[in-house]
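Beneath this line is the structure, given in structure tokens, with notes to follow.
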There are 2 protein chains.
Amino acid sequence: MESRIDRIKKQLSGASYKLTPQREATVRVLLENEEDHLSAEDVFLLVREISPDIGLATVYRTLELLNELNVVDKIQFGDGVSRYDLRQEGAAHFHHHLVCIECGAVDEIQEDLLEDVEAIVETKWNFIIKDHRLTFHGICYRCQEK
Amino acid sequence: MESRIDRIKKQLSGASYKLTPQREATVRVLLENEEDHLSAEDVFLLVREISPDIGLATVYRTLELLNELNVVDKIQFGDGVSRYDLRQEGAAHFHHHLVCIECGAVDEIQEDLLEDVEAIVETKWNFIIKDHRLTFHGICYRCQEK
DNA sequence: ATACGTGCAAATCCTTTGCAAGGAT
DNA sequence: ATCCTTGCAAAGGATTTGCACGTAT
């Protein structure tokens, strides 16, 4: 069976980019931390554990590249840094986020939930939707228990 | 009748802040450009036309203050700058945005549309929603005509 | 040989902060 | 006199860029 990383390799070579060791290490870190919403700095520190000589600029360049290929989505929650989120394979739409204003945790919602809303927006505003970003800010179940 | 700016004045004084000439000029610029999504730099350039001696830092401090008082919402569309959007009076929720990937235009949707989705999120994920951000990326009606 | 990718350092951009001075109460 | 606010300049943090050096074809 073809692995996730194999398919990402193909996407890279399909766009005539090489899968260098640095790029592979970066992709592996993203795969291994799929639940998190890593900043470039976060990725850099993790990649350096595998590939100690990598430079921060290379990580930025790789993340930018993966973003252009739609392998990752670049998101901002308003804390001043960009975060990079692996796009689910086969997902028609970007998933949603729950940001806790108490503890800062970011949880994901994989369900679509927006089908009806999108239908309304497309007809009523005559807007062709290609992607969306939906984030809820509030209090997560963990902080409610405290 | 009480004007919009009067009510904003009251919000400021209610939180024991003064409405200085610089702050008033900044608020006026926001009111006069309510349709746009101005960056701090944009606001600064416009305020300087009214109040030429204002400093950029003052504009940043005022926008930060207005954000804390929920007079404006600070938003990021991913182009590297924060933008400031006047909150609709009496609006329970933040409005939504349509970002055109062709021409860059940002249109607003004032309708809520998310009531059903929020009900699902609150019960199914046990998350208390305080605010939300919803942005659609796609092609606006103007660019479709071209 | 040629083109691509890298690490490093410098540069850039946006935003925040320190501080002395101005203004209101 | 005290407290808040300001403008300016400097500092800060995140990201990008220039460049000489590899490395693979």
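Keep in mind that the numbers below use all heavy atoms, side chains included, and drop hydrogens, waters and symmetry copies. Every chain is numbered from 1, with letters handed out A, B, ... down the list of sequences.
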Ion pair check, B:E32 and B:R28, cut-off under 4.0 Å: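 Not counted as a salt bridge, because no side-chain N and carboxylate O are separated by less than 4.0 Å.
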Cationic N near anionic O, under 4.0 Å, B:E102 to B:K146: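 No, this pair does not count.
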Heavy-atom neighbours of A:E115 CD exceed 12 at 6.0 Å: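 No - once you tally the heavy atoms of other residues, nucleotides and ligands closer than 6.0 Å, there are 12 at most.
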First-last contacting nucleotides on DNA chain C - partner chain B, under 4.0 angstrom, heavy atom: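 Answer, 5' to 3': C:dC14 to C:dG18.
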Residue that, paired with A:D85, satisfies side chain to side chain contact (heavy atoms under 4.5 Å, CB included) out of A:H97, A:E34, A:K74: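 Filter result, single survivor: A:H97.
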B:L38 and its side chain to side chain contact (heavy atoms under 4.5 Å, CB included) partner, picked from B:V43, B:V72, B:V81: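 Of the listed options, the one satisfying the test is B:V43.
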A:R83 (side chain) donor-acceptor with A:H37 (main chain) under 3.5 angstrom: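 Present.
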Point-to-point distance, once rounded to the nearest 0.5 Å, from CG of B:L114 to CD1 of B:I129: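 That separation rounds to 8.5 Å.
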Per-nucleotide protein contact string for nucleotides 6-25 of chain D (B base, S sugar-phosphate only, - none; heavy atom under 4.0 Å): SBB-----SBBBB-------
